[in-house]
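Before we start, here is the structure in question, set down as structure tokens.
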Amino acid sequence: MNPFETLSAPILAAFSELEPDDLVFAPPPKLDMGDVALRTFECARKLKMPPPAIAARIANEVAFGPDVAEVSTAGPYVNFKLDRAAFGRAIVAEALGRGAGFGSNGSGAGKRALVEHTSINPNASPHVGRARNAMLGDSIVRLLRFEGYDVEVHYYVNDIGRQIALLVLACDDPASMSFDDMLDVYRAANARAEAEPEFAEQGYALLARIEEGDAETRERFHAITDLCLKGQVAVLARLGIAYDSFDRESDHVRDPRLEPVVEALRERGAVFTDEEGRLSVDLSKLGHEHDEGRYIALLRSNGSSMYAYRDVAYTIDKMERGADLNLIVLGEDHKLHMQQIALILDAAGKAAPEPVYYAYILLKEGKMSTRQGKVVLLSEFLDEATARAAEKVDEQCTDLAAEERAAIAEKVAVAAIRFAILRVGANKNVVFDWESSLSFTGDTGPYVQYSCARIASILRKLAAQTGAPAPTEVAGEFPVETDAEWALLTKIASLHETVAAAVRQRSCAPVAQFALDTARLFTTFYHECPVIDAGSDAQRNARAQICMATRQAIENALGLLGIDALERM
RNA sequence: GCGCCCGUAGCUCAGUUGGAUAGAGCACCGGCCUUCUAAGCCGGGGGUCGUGCGUUCGAAUCGCACCGGGCGCGCCA
């Protein structure tokens with residue numbers, strides 16, 4: 001697993017106080033200092049000795065195996081020169097041996113996870129801001145599955161809100177509507193509600209009727225929300241995003257499981273009826289310390305449910321499914337609300353899901369707004385990106401059939417958007433810019449895909465020459481002579497650490513960084529280390545296998561991001 | 001006003017639980033396609049890590065204050 005166990009084992013044997021986690025190996029700043037470095041600050045703390053003294057003792061007193069060529073110190077660091085061939089062979093053997101599972105730590109083996117993400121209101125075509133939720137959620141799902149979790153993906157369909165009622169009112173004849181009309185209809189309905197209070201009143205009346213269980217009204221809502229949901233899911237499917245369960249909010253307007261919760265709140269003295277007759281909660285009685293968000297209403301005076309009620313009910317429903325890990329991906333605007341829900345549930349001795357928040361994607365002109373039509377639609381972006389990618393593919397892959405070229409172009413477009421979104425930390429606002437988003441050069445998904453296409457090309461040509469694909473079994477000599485090869489190999493070996501960090505952070509951003517770093521190191525290798533024209537059979541074979549291991553590492557990393565590695569582009 | 005998030009090169013961002021000289025890309029300048037795909041590579045300029053105190057052997061990273069941006073505090077969800 002860890003290729004540096006050969007280094008850590010003798011150190012642990014010599015210092016019984018130390019544990020494996022105290023030994024942190026990393027590449028030195030310059031490869032001429034050593035092939036790998038150990039820093040001794042952690043050990044020093046534990047052994048209560050100055051770091052340089054520890055470093056000296058490790059260098060002078062510990063007996064390392066034959067794979068360690070030289071041990072030196074540089075202040076608090078111990079630098080090792082290694083038998084690169086031995087380590088390189090082990091790394092490649094591990095990557096090729098584990099294949100699609102390479103980099104997984106198996107931390108989710110035997111565990112179940114439930115992830116709710118996307119949950120866009122079923123009104124109009126999703127914009128790229130909404131899609132950030134979907135991409136973040138989907139990548140976390142992929143990450144958890146990679147780690148061995150059995151994951152269920154849930155999508156909460158908000159099918160009974162005020163905004164939906166307005167949309168329903170505006171669609172007299174749902175059968176004649178298409179999803180593409182919805183954005184305009186939605187916009188117009190909101191504008192009308194703004195101008196005509198009676199129209200907005202009709203919306204509330206409609207909501208009341210569906211809560212009463214009126215079947216015809218329910219049908220009307222479903223017809224519209226289904227149309228919207230199908231359209232939205234189809235766009236998200238282009239990004240490779242799929243769901244296991246669509247849970248309708250309208251199924252949670254009445255729930256007997258809320259009774260014990262309200263009872264628990266009552267016992268804490270946290271329930272009261274407000275001046276408008278609403279059943280409300282005073283969260284200050286539950287430990288909420290601030291004025292803002294202190295009160296939250298559950299039921300209207302007429303007994304109809306408010307969103308907080310439905311959210312509590314739905315959350316209970318999800319939690320009772322018994323997953324070991326429960327996550328929900330939410331825009332940062334939902335922070336307070338989620339805290340409120342969690343407090344209410346906690347008062348009743350129930351747990352809430354762990355939230356993963358993200359900040360908004362902004363336009364140069366300000367924030368996006370579906371109602372005002374100030375948006376960049378996801379489908380619009382994908383179409384434009386695909387068209388741009390197609391130009392390049394058409395000129396570069398002239399031997400491929402048109403459908404094949406089109407499929408590649410679409411995958412490049414998906415890579416561009418997913419990589420651009422997933423590589424930055426979720427809690428950072430990003431400003432959407434058409435020009436840079438459509439650029440496929442530099443730190444981009446297509447750049448990473450390109451490195452895979454080059455690997456595939458080398459291996460294709462090599463196989464054509466020798467008449468057989470390069471073997472996946474690592475055997476015989478394994479020369480590793482250049483820094484370019486070594487740097488690439490140690491990067492590949494670090495994938496499992498990156499994955500572990502991603503799981504801790506609930507974010508695939510480190511994985512995107514890994515893919516980029518690996519692609520860059522490969523490109524250096526590509527320019528410096530000829531494979532087909534290598535100096536010897538052994539070197540050709542070793543380099544071909546380094547290529548395969550690299551492809552496996554990048555492919556696995558891209559897989560977590562929902563991006564396909566490409567054979568050709 | 002109160003709470004949460006963010007502030008690193010002209011621009012967009014990395015920077016694992018504090019650790020060796022703060023890294024990429026874009027843009028700019030100079031090289032490289034009879035050589036495994038130039039969606040590429042090599043070299044160059046460019047930084048008071050928002051500001052100020054503090055904790056520490058050591059701070060972009062931790063704490064406090066301030067400044068700037070985002071979000072929230074609804075019979076919207």
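In what follows, chains carry the letters A, B, and so on, assigned in the order in which the sequence lines appear, proteins first and then strands, with residues in each chain numbered from 1. These numbers were taken from a predicted model, which means no experiment stands behind them.
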Task: d(CG, A:L330; P, B:C5) in whole Å - done: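 To the nearest whole Å, that distance equals 16 Å.
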
TODO: Would you verify whether the NZ or CZ of A:K392 falls within 45 degrees of the ring axis of A:F440 while also being under 6.0 Å from that six-membered ring's centre?
DONE: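 Checked: cation-pi criterion not met.
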
Open item on the list: Does B:A77 have its OP1 or OP2 closer than 4.0 Å to a side-chain nitrogen or oxygen of A:N121?
Closed with: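 It does not, given that no N or O in the side chain of A:N121 lies less than 4.0 Å from OP1 or OP2 of B:A77.
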
TODO: Would you classify A:G425 as touching base, sugar-phosphate or nothing, given that sugar-phosphate means primed atoms plus P, OP1 and OP2, and contacts are heavy atoms under 4.0 Å?
DONE: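 Answer is sugar-phosphate: A:G425 comes under 4.0 Å of backbone atoms only.
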
Task: Watson-Crick or G-U counterpart of B:C26, or none if no pair lies under 3.5 Å - done: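 B:C26 is paired, partner B:G10.
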
Open item on the list: Please report the distance, rounded to the nearest Å, between CD in A:E332 and P in B:G72.
Closed with: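 Roughly 8 Å, once rounded to whole Å.
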
Open item on the list: Treating primed atoms plus P, OP1 and OP2 as sugar-phosphate and everything else as base, which nucleotides of nucleotides 20-30 of chain B get B, S or - for protein heavy atoms under 4.0 Å?
Closed with: B---BSS----

Task: Check: A:E116/A:S119 side-chain N/O donor and acceptor closer than 3.5 Å - done: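 Yes.
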
TODO: Could you verify whether a donor N or O on one side chain and an acceptor N or O on the other, from A:E211 and A:S305, lie under 3.5 Å apart?
DONE: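 Distance-only check passes for A:E211 and A:S305.
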
Open item on the list: Whether A:Y360 contacts B:G69 is assessed here as follows: a side-chain N or O lying under 4.0 Å from the phosphate OP1 or OP2. Is that the case?
Closed with: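 For B:G69, OP1/OP2 do not have a side-chain N/O of A:Y360 under 4.0 Å.
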
- [ ] Ignoring the backbone of A:V412, work out which of B:C71, B:G40, B:A39 is nearest its side chain.
- [x]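 Looking only at side-chain atoms, A:V412 lies closest to B:A39.
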
- [ ] Start with the C-alpha distance between A:S72 and A:N79, add both sets of side-chain angles, then the distance that settles side-chain hydrogen bond (donor to acceptor under 3.5 Å, both in side chains), and finish with yes or no.
- [x] CA-CA 5 Å; A:S72 59; A:N79 291 323; 4.6 Å; no

Open item on the list: Does the plane of the ring in A:Y314 sit parallel, tilted or perpendicular to the ring in A:Y156? Use 30° and 60° as the thresholds.
Closed with: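 Rings of A:Y314 and A:Y156: parallel, under 30°.
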
Open item on the list: Measuring from atom CG of A:D443 to atom OG of A:S436, what distance do you get when rounded to the nearest 0.5 angstrom?
Closed with: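 Spacing of CG (A:D443) from OG (A:S436) equals 12.0 Å.
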
Task: Under-4.0 Å side-chain N/O to phosphate OP1/OP2 contact, A:R543 with B:C36 - done: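 So the side chain of A:R543 is outside the cut-off, no N or O lying under 4.0 Å from OP1 or OP2 of B:C36.
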
Open item on the list: Side-chain N or O of A:K428 versus OP1/OP2 of B:G7: is the shortest distance under 4.0 Å?
Closed with: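 For B:G7, OP1 or OP2 has a side-chain N or O of A:K428 closer than 4.0 Å.
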
Open item on the list: What contact category does A:V531 fall into here, base, sugar-phosphate, or nothing, at under 4.0 angstrom with non-hydrogen atoms?
Closed with: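 The residue A:V531 makes base contact.
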
TODO: Could you check how far CD1 of A:I296 sits from P of B:G3, rounded to whole Å?
DONE: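 Going from CD1 in A:I296 over to P in B:G3 covers 20 Å.
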
Open item on the list: Let me spell it out: for each of A:I408 and A:R310, pick the nucleotide of RNA chain B with the closest heavy atom. Which residue's pick is nearer the 5' end?
Closed with: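 It is A:I408, whose closest nucleotide lies nearer the 5' terminus.
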
- [ ] Determine whether the side chains of A:S451 and A:Y526 contain a donor N or O and an acceptor N or O closer than 3.5 Å.
- [x]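 Looking only at side-chain atoms, A:Y526 and A:S451 do not form any donor-acceptor pair under 3.5 Å.
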
- [ ] Report which part of the nucleic acid A:A453 touches: base, sugar-phosphate, or nothing (heavy-atom distance under 4.0 Å, all strands).
- [x]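 Touches a base.
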
- [ ] Would you mind reading off the distance between A:Y186 atom OH and B:A77 atom P, rounded to a whole angstrom?
- [x]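 Rounded to the whole Å, the gap is 11 Å.
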
Task: Pairing partner of B:G58 (Watson-Crick or G-U wobble, both distances under 3.5 Å) - done: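 Result: none.
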
Open item on the list: For the C1' atoms, the ones on B:A20 and on B:C6, what distance do you get once it is rounded to whole angstrom?
Closed with: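 Per the computed distance, 29 Å lies between those C1' atoms.
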
TODO: Would you mind telling me which of B:U16, B:C75, B:A77 lies closest to the side-chain atoms of A:R278?
DONE: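 Per side-chain heavy atoms of A:R278, the pick is B:C75.
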
TODO: Please tell me which of the listed nucleotides, B:C13, B:G40, B:C71, lies nearest to the side chain of A:D333?
DONE: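 Minimum distance to the A:D333 side chain belongs to B:C71.
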
- [ ] Determine, for A:F199 and A:R192, whether the Lys NZ or Arg CZ falls below 6.0 Å from the six-membered ring centre while staying within 45 degrees of the axis.
- [x]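 Satisfied, under 6.0 Å and within 45°.
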
Task: Pairing nucleotide - B:G72, Watson-Crick or G-U, each distance under 3.5 Å - done: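 For B:G72, the partner nucleotide comes out as B:C2, under the 3.5 Å rule.
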
Task: Rounded distance [0.5 Å steps], CG in A:N121 versus CZ in A:R130 - done: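 Between A:N121 CG and A:R130 CZ, I get 7.0 Å after rounding to 0.5 Å.
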
Task: N/O (side chain, A:K392) to phosphate O (OP1/OP2, B:A39) under 4.0 Å - done: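 For A:K392, the contact criterion (side-chain N or O under 4.0 Å from OP1 or OP2 of B:A39) is met.
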
Task: Exercise: do A:S107 and A:N105 side chains pair donor with acceptor under 3.5 Å - done: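 The answer is no; no qualifying pair exists.
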
TODO: Rounded to whole angstrom, note down the C1' distance from B:A24 over to B:A14.
DONE: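 Between the two C1' atoms, the distance is 7 Å.
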
Open item on the list: At 4.0 Å (heavy atoms only), tell me whether A:C529 reaches a base, stays on the sugar-phosphate, or touches nothing.
Closed with: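 Base contact.
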
TODO: Would you kindly say whether A:S536 and A:Q539 are connected by a side-chain donor-acceptor distance under 3.5 Å?
DONE: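 The criterion, which ignores hydrogens and geometry beyond distance, is not satisfied for A:Q539 and A:S536.
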
Task: Spacing of A:R132 atom CZ relative to B:G70 atom C1', expressed in whole Å - done: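 That distance rounds to 12 Å.
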
- [ ] Tell me what A:I532 touches on the nucleic acid: a base, only sugar-phosphate, or nothing, going by heavy atoms under 4.0 Å.
- [x]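 Base contact - A:I532 has a heavy atom under 4.0 Å of at least one base atom.
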
Open item on the list: Any base atoms under 4.0 Å from A:E567, or only sugar-phosphate, or nothing? Heavy atoms, all strands.
Closed with: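 Here A:E567 touches the bases of the nucleic acid.
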
- [ ] Return the nucleotide paired to B:C53: Watson-Crick means purine N1 to pyrimidine N3 with N6-O4 or O6-N4, wobble means G-U with N1-O2 and O6-N3, both under 3.5 Å.
- [x]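 Checking every strand shown, B:C53 finds its partner in B:G63, with both distances under 3.5 Å.
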
- [ ] Could you work out which one of B:G1, B:C5, B:A38 sits closest to the side chain of A:E292?
- [x]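 So the nucleotide nearest the side chain must be B:G1.
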
Task: Near-strand residues of residues 45-56 of chain A, defined as heavy-atom separation under 4.0 angstrom from RNA chain B - done: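 Listed by number, they are A:R45.
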
Open item on the list: As a test of the definition: with a 90° window around 0 for syn, would you call B:C33 syn or anti?
Closed with: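 In terms of base orientation relative to the sugar, B:C33 is syn.
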
Task: Separation of B:C75 C1' from A:N302 CG (nearest whole Å) - done: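 In whole Å, B:C75 C1' lies 9 Å from A:N302 CG.
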
TODO: Assign A:Y526 to base, sugar-phosphate, or nothing according to its heavy-atom contacts below 4.0 angstrom with the strands shown.
DONE: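 If one applies the 4.0 Å heavy-atom cut-off, A:Y526 turns out to touch a base.
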
Open item on the list: If you only use heavy atoms from C-beta on, which nucleotide in B:C75, B:C36, B:U16 is closest to the side chain of A:M306?
Closed with: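 So the nucleotide nearest the side chain must be B:C75.
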
TODO: Taking atom C1' in both B:C75 and B:G15, compute the distance separating them and give it to the nearest angstrom.
DONE: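 About 47 Å, rounded to a whole number of Å.
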
Open item on the list: If I take atom NE2 in residue A:H527 and atom P in nucleotide B:A39, what distance separates them, rounded to the nearest angstrom?
Closed with: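 After rounding, the reported distance stands at 10 Å.
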
Open item on the list: Can you see if the side chain of A:Q505 gets near the phosphate of B:U16 - specifically, an N or O under 4.0 Å from OP1 or OP2?
Closed with: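 A:Q505 to B:U16 OP1/OP2: no side-chain N or O under 4.0 Å.
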
Task: Pairwise C1' distance, B:U16 and B:G54 [rounded to whole Å] - done: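 Each nucleotide's C1' atom is 26 Å from the other's.
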
- [ ] Using the P atom on both, measure B:A60 against B:U48 and round to a whole Å.
- [x]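 Taking atom P in both B:A60 and B:U48, they lie 14 Å apart.
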
Open item on the list: Between A:Y447 and A:P530, which residue's closest nucleotide on RNA chain B lies nearer the 5′ terminus?
Closed with: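 So the residue in question is A:P530.
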
Task: Partner nucleotide of B:G40 by Watson-Crick or wobble geometry (both distances under 3.5 Å) - done: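 Pairing partner, where one exists within any strand: B:C32.
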
Task: Distance between P atoms of B:C29 and B:C13 (Å, rounded) - done: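 After rounding to an integer number of Å, I get 24 Å for this pair.
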
- [ ] For nucleotides B:U56 and B:G43, find the distance between their P atoms and express it as a whole number of Å.
- [x]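 B:U56 and B:G43 have their P atoms separated by 42 Å.
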
TODO: Kindly indicate whether the side chain of A:R300 and the base of B:C75 share any N or O donor-acceptor pair separated by less than 3.5 Å?
DONE: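 When only heavy-atom distances are counted, A:R300 does reach the base of B:C75 through a donor-acceptor pair under 3.5 Å.
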
Task: Modelled atom types, side-chain donor and acceptor of A:H117 and A:N133, under 3.5 Å - done: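 Short answer, no.
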
TODO: Could you state the atom-to-atom distance from CZ of A:F419 to P of B:U12 in whole Å?
DONE: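 Between P of B:U12 and CZ of A:F419: 18 Å.
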
Task: Basic-acidic side-chain contact under 4.0 Å: A:E276, A:R300 - done: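 Judged by the 4.0 Å cut-off on N to carboxylate O distance, A:E276 and A:R300 do not form a salt bridge.
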
Task: A:F522 six-ring centre to A:R454 NZ/CZ under 6.0 Å and within 45° of normal - done: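 Not satisfied by the 6.0 Å and 45° rule.
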
- [ ] Check every atom of B:U16, B:U17, B:A39 against the side chain of A:V393 and return the nucleotide holding the closest atom.
- [x]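 For A:V393, the side-chain atoms sit closest to B:A39.
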
Task: B:U61 to B:G18 separation - P atoms, rounded to the nearest Å - done: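 Result for the P pair: 11 Å, nearest Å.
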
